[in-house]
Amino acid sequence: MHKEYSFQEIQDRWLPVWDQLKPFDSSKPSDERPTKYVLDMFPYPSGDLHMGHAEAYALGDVISRYWIQRGYNVMHPIGWDAFGLPAENAAIKRGLDPRAWTYENIAQQKASMRRYACSFDWDRVLQTCDPIYYRWNQWLFLEFYKRGLAYRKNSNVNWCPSCQTVLANEQVVGGLCERCDSSVTKKALTQWYFKVTEYADRLLDDLDTLEGKWPAKVLTMQRNWINRSQGANVDFVIEGRKDPITVFTTRPDTLFGATFMVVAVDSDLASELIVDASTEVRMSFVDYLESTKKANDIERLATDRPKTGLFIDRYAINPLNGDRIPVWVSDYVLADYGTGAIMAVPAHDQRDLDFALAMNLPVKSVIDSGEEDPAISGVATLGAGKAVNSGPLNGLAKEDAIAKAIEIVVEKNLGSAAKNYRLRDWLISRQRYWGTPIPIIHCEKCGEVPVPADQLPVELPDSAGLDLSPKGTSPLGAASDWVNVACPACSGPARRDSDTMDTFVDSSWYFLRFLSPNSTEFAFDPAEAKKWAPVDQYVGGVTHAILHLLYARFFTKVLHDMGMVDFQEPFTRLLNQGMVLMNGSAMSKSRGNLVRLSDQLDEHGVDAIRLTMAFAGPPEDDIDWADVSPAASSKFLARAWRIAQDVDSAVDVDVSSGDKSVRKATHQFLASFTESIENFKFNVGVAKAMELTNALRKAIDTGCGPKDPAVREGAEELAKALSLFAPYVAEDMWSMLGYEPCVANAQLREVQTDLLVEDTVIAIAQVDGKLRDKFEVSASITEDELREMALSSEAIKRAIGDKELANVIVRAPKLINIATK
RNA sequence: GCCCCGAUAGCCCAAUGGCAGAGGCAGACGACUUAAAAUCGUCACAGUAUGGGUUCGAGUCCCAUUCGGGGCACCA
């Protein structure tokens with residue numbers, strides 16, 4: 001009696017069974033299996049799951065289930081990145097409680113994930129907005145504070161006028177707010193920072209250890225972001241100023257070519273330098289500074305923008321040749337990079353040359369590169385050449401000249417070798433409600449006082465009665481019951497810090513919290529960390545290539561230095577899945593090309609959607625939903641399912657007596673399937689499963705028939721393999737084959753290599769690289785025999801004709817190529 | 001402007017330097033059916049973006065060009 005395939009029926013049958021059996025519990029006490037930690041980037045709970053989640057979790061699940069199938073105890077947890085602006089914006093817009101909104105969405109996503117058959121360990125779950133979680137954000141903040149890695153400073157920070165909050169450098173993309181695309185402006189504020197720059201060298205150098213394990217693209221992006229440059233700090237004496245001005249340069253070998261100095265117009269240094277200037281200069285300066293501040297970063301970053309600047313009537317002395325050079329201010333020098341001041345070497349730096357030509361300043365070439373004089377060509381020469389007009393450096397090549405120049409300034413006590421980074425410290429304060437309160441109390445007498453550890457967590461006050469709308473200061477400041485406290489040090493009146501932490505703090509260490517998600521004793525249990533961490537396989541979108549991954553790496557290194565973990569890198573391997581597009585562009589409601597995941601699941605079933613995600617192409621490529629066919633996936637699954645249904649032999653039948661050619665197909669499949677999955681070629685793995693399905697169909701219908709043990713063997717391996725992609729169908733197949741759940745815990749059969757040995761192969765015979773004949777030969781044929789066979793072939797003789805033989809290449813048993821003269 | 005990745009059949013994609021096709025979609029035909037759907041089966045279709053080079057042999061390695069995608073771009 002044959003049943004019809006119904007994905008709905010199958011889903012309904014197995015979901016409750018799995019809920020009961022908990023096949024993915026990674027905390028069984030006497031589990032002897034070796035461990036693997038597979039982690040998907042946790043979602044932000046903004047509504048239900050979408051197609052992007054469906055792809056990411058389908059792929060992460062293939063990996064997780066694969067390792068279980070290979071006999072590992074796999075920890076595959078999930079949680080929610082639950083703090084952040086959308087909850088607050090929803091609250092403002094619709095008058096909801098951010099907390100309630102967040103937990104409702106989490107409940108919905110959780111139910112969807114269960115239905116989607118994600119192999120998550122549902123006993124390891126976390127939500128960053130739970131006090132039990134963010135308490136440890138605060139604890140970590142205080143640990144950082146103790147070590148001088150968390151500090152407060154006043155500076156010009158990125159300000160999003162729409163979100164009404166500050167942004168980290170990393171959250172400003174091309175001058176726009178990453179979140180809302182508003183144009184970002186600058187604002188002077190006192191804010192909290194994490195000292196990432198202290199770890200810059202390690203964050204950069206340790207990327208080498210991830211080579212080949214992380215996508216090259218991500219490594220490049222991280223390197224670009226940190227962007228270390230080596231050079232020297234050099235002091236320039238300023239006329240009429242007590243202290244010299246230090247400049248950073250990567251080209252100290254060009255010091256003799258420095259013909260002027262430029263100070264960032266928006267730096268404190270510039271403001272100080274014009275204090276004693278004439279009224280005229282001061283007025284011009286103020287105008288220039290104002291117009292600079294008004295220009296947003298986009299205008300400022302336009303590379304073809306003409307240079308602007310102002311001579312401020314002051315002079316510096318070139319420390320090597322004693323030249324008196326003018327000091328200018330300009331916006332092409334950045335206030336917060338290096339010292340905010342540069343020595344300008346127009347002959348050998350294009351930016352300086354552009355400035356010099358615009359301002360009619362002298363250009364002095366100090367490298368003989370054989371190219372045209374930059375002053376005439378307008379093109380700065382950067383490359384190789386010997387130093388000229390440079391006193392003691394004359395005749396030296398670049399590297400030697402740099403070394404020598406540093407030696408000289410060190411000798412004269414005018415500078416030293418130095419490094420600089422594009423990476424800035426991480427600004428973590430946010431003027432918003434829905435985040436982790438910063439555990440610091442401000443006391444008039446005692447200043448900054450950390451909240452004592454036994455008073456953690458500092459819980460968020462209820463949002464009821466608070467005005468959450470953005471107004472540039474934290475809504476928490478208005479919660480007077482909450483904000484006014486006694487100083488822990490002197491018991492005098494004091495106020496809590498009312499800012500909350502950037503949510504990237506939450507995600508910088510969540511992968512460790514999964515080790516002991518409910519602990520009230522530790523942020524994470526170090527013994528569990530020894531067992532599981534670091535993460536063996538991390539899966540997520542490339543959108544987090546810089547921000548999240550850099551911060552998580554930073555946290556890991558700090559935790560390492562705190563002695564809490566014994567590794568330096570959090571994620572041993574990283575897989576970036578692509579995006580799901582529709583008709584070539586990202587799905588969005590406004591574009592009208594949104595494909596709803598729930599519709600797809602209703603129409604095709606969970607398995608078909610998951611399989612479609614895996615089969616669409618290499619995981620890192622984008623999937624255009626218009627190019628793939630979930631209906632085809634569904635058709636294939638039904639086909640595979642019918643194979644299991646057709647099998648007509650007992651569970652304990654001796655497979656070794658089965659049909660040889662079918663067994664061979666099965667074991668060839670096993671060999672190629674494992675290889676495909678290990679190399680993340682999931683699409684190829686699925687294709688192999690299709691191939692096996694086709695072979696089994698043929699065997700059942702027109703070959704050895706459904707009773708042959710080899711058909712059972714093939715069907716069993718097919719069910720196990722499919723469980724990575726289509727857990728429901730696979731479980732049903734497994735059941736039809738006479739087994740108890742769960743197929744997920746069944747291990748693939750060992751490949752029986754003796755079945756793979758070919759007795760005969762088809763040998764290719766070429767003449768001058770062109771196929772001329774084929775012979776079926778023994779797999780063990782010798783080179784001589786093959787050569788003999790080819791040379792006596794009529795077709796080969798004809799192809800050679802009367803040409804003379806030049807060379808005969810034999811690759812027994814597969815190929816022979818006869819080259820003629 | 002600089003750097004990286006890619007380009008294989010109408011489409012999505014495979015192919016340790018060795019017969020260009022594993023798999024799928026769409027297509028044609030056949031079997032089953034009163035018919036259709038479903039199912040099962042058979043078949044066709046490109047010489048690998050372009051131009052050079054290395055090699056006995058190149059989709060694969062090297063160089064250049066075109067197109068597409070991504071990253072960086074006043075960081076001294």
Side-chain angles (χ1 to χ4, degrees), chain A residues 2 4-5 174 215-229 231 247-252 254 258 262 264 300-305 307 330-334 336-345 348-352 354-355 420-424 542 545-546 578 611-612 615-618 620-624 626-633 635-636 638-639 642 672 675-676 681 683-694 697-698 700-702 762-774 805-811 814-820:
Chain A
H2 279 234
E4 284 297 309
Y5 170 78
K217 187 171 148 184
V218 175
L219 296 177
T220 306
M221 285 167 79
Q222 294 240 336
R223 289 190 179 111
N224 282 344
W225 188 260
I226 298 167
N227 193 23
R228 175 170 59 200
S229 36
V247 302
F248 173 72
T249 176
T250 55
R251 296 297 302 274
T254 62
V262 186
R300 192 172 167 161
L301 288 177
T303 43
D304 50 357
R305 203 172 55 106
K307 294 273 185 288
S330 175
D331 62 2
Y332 88 91
V333 171
L334 305 177
D336 58 353
Y337 185 77
T339 58
I342 62 152
M343 66 175 204
V345 185
H348 309 297
D349 182 292
Q350 192 61 47
R351 298 156 297 183
D352 295 344
D354 293 344
F355 192 83
N420 250 305
Y421 308 88
R422 195 182 85 136
L423 178 73
R424 308 293 148 85
V542 73
I546 300 174
L611 185 79
T612 302
F615 185 54
E620 58 276 7
D621 288 5
D622 290 343
I623 298 173
D624 194 325
D627 289 337
V628 296
S629 171
S633 300
K635 194 172 125 187
F636 161 66
R639 190 170 155 88
R642 282 191 299 268
S672 57
E675 198 203 320
S676 302
K681 294 163 149 187
N683 54 331
V684 179
V686 173
K688 298 293 171 196
M690 289 172 168
E691 204 178 358
L692 176 63
T693 305
N694 293 344
R697 180 80 267 151
K698 201 170 203 168
I700 290 168
D701 289 350
T702 59
I762 304 293
I764 310 302
Q766 301 173 331
V767 175
D768 291 327
K770 291 195 182 69
L771 176 68
R772 295 300 182 191
D773 203 359
K774 298 181 188 186
L805 296 195
N807 198 1
V808 180
I809 283 83
V810 188
R811 295 281 177 275
K814 285 173 74 177
L815 178 127
I816 174 165
N817 187 16
I818 297 158
T820 62

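Predicted model only: the values in this text are computed from it and were never measured. Computed over heavy atoms, backbone and side chain alike; hydrogens, waters and symmetry mates excluded. Letters A, B, ... are given to chains in the order of the sequence lines, protein chains preceding strands, and every chain is numbered from 1.
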Below 4.0 Å: OP1/OP2 of B:A76 and any side-chain N or O of A:Y332: no

With sequence neighbours excluded, what pairs up with [X] under the side chain to side chain contact (heavy atoms under 4.5 Å, CB included) test?
X      : value
A:K814 : none
A:S633 : A:A608, A:L611, A:T612
A:A638 : A:Y5, A:R642
A:Q350 : A:L353, A:D354, A:V379, A:A380

A:R811: partners by side-chain hydrogen bond (donor to acceptor under 3.5 Å, both in side chains), with sequence neighbours left out: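 None.
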
A:T220: partners by side-chain hydrogen bond (donor to acceptor under 3.5 Å, both in side chains), with sequence neighbours left out: none

When the [atom1] atoms of [N] and [M] are considered, how many whole Å apart are they?
N     : M     : atom1 : answer
B:C29 : B:A44 : P     : 15 Å
B:G24 : B:U42 : P     : 11 Å
B:C32 : B:G41 : P     : 16 Å
B:U8  : B:C67 : C1'   : 16 Å
B:G23 : B:C13 : C1'   : 8 Å
B:A7  : B:U48 : C1'   : 9 Å
B:G57 : B:G17 : C1'   : 8 Å
B:A9  : B:C2  : C1'   : 37 Å

In Watson-Crick or G-U wobble terms, both distances under 3.5 Å, what is the partner of [N]?
N     : answer
B:A22 : none
B:A28 : B:U42
B:U54 : none
B:C72 : B:G1
B:A7  : B:U66

To the nearest Å, how far apart are [X] [atom1] and [N] [atom2]?
X      : N     : atom1 : atom2 : value
A:D624 : B:G69 : CG    : C1'   : 14 Å
A:D331 : B:A76 : CG    : C1'   : 15 Å
A:R223 : B:C2  : CZ    : C1'   : 17 Å
A:M690 : B:G23 : CE    : C1'   : 6 Å
A:M221 : B:C2  : CE    : P     : 21 Å
A:Q222 : B:C72 : CD    : P     : 12 Å
A:N224 : B:G70 : CG    : P     : 16 Å

Torsion-based syn/anti label for B:G24, 90° from 0 as limit: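 Anti conformation for B:G24.
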
Verdict with reasoning, A:T254 to A:M343, per side chain to side chain contact (heavy atoms under 4.5 Å, CB included): CA-CA 10 Å; A:T254 62; A:M343 66 175 204; 3.8 Å; yes

Contact pattern, 5' to 3', of nucleotides 10-21 of chain B - B, S or - by protein heavy atom under 4.0 Å: -SSSSS--BB--

All ring-ring contact (aromatic ring centres under 6.0 Å, His included) counterparts of A:F636, not counting sequence neighbours: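 For A:F636 there are no ring-ring contact (aromatic ring centres under 6.0 Å, His included) partners, ignoring immediate neighbours.
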
Partner set under salt bridge (Lys or Arg N to Asp or Glu O under 4.0 Å) for A:D621, not counting sequence neighbours: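 Counting only residues at least two positions away or on another chain, A:D621 forms no salt bridge (Lys or Arg N to Asp or Glu O under 4.0 Å).
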
Contacts of A:R228 that satisfy salt bridge (Lys or Arg N to Asp or Glu O under 4.0 Å) - sequence neighbours left out: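 Salt bridge (Lys or Arg N to Asp or Glu O under 4.0 Å) check on A:R228 returns A:D201, A:D205.
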
List, with names and distances, any nitrogen or oxygen atoms from the protein found under 3.5 Å away from nitrogen or oxygen atoms belonging to nucleotides 39-43 of chain B.
residue: B:U39; atom: O3'; partner: A:R642; partner atom: NH2; Å: 3.1
residue: B:C40; atom: OP1; partner: A:R639; partner atom: NH1; Å: 2.7
residue: B:C40; atom: OP1; partner: A:R642; partner atom: NH2; Å: 3.4
residue: B:G41; atom: OP2; partner: A:R639; partner atom: NH1; Å: 3.2

A:N683 side chain near A:K681 side chain, heavy-atom distance below 4.5 Å: yes

5' precedence on RNA chain B between A:E691 and A:T250 (nearest-nucleotide basis): A:E691

Distances for protein N/O vs nucleotides 3-5 of chain B N/O pairs under 3.5 angstrom?
none

Sugar-phosphate, base or nothing in reach of A:A687, heavy atoms under 4.0 Å: base

Between A:S229 and A:N420: side-chain donor-acceptor atoms closer than 3.5 Å: no

Geometric class of the A:F355/A:Y332 ring pair [parallel <30°, tilted 30-60°, perpendicular >60°]: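 If you compare the ring of A:Y332 with that of A:F355, the planes turn out tilted.
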
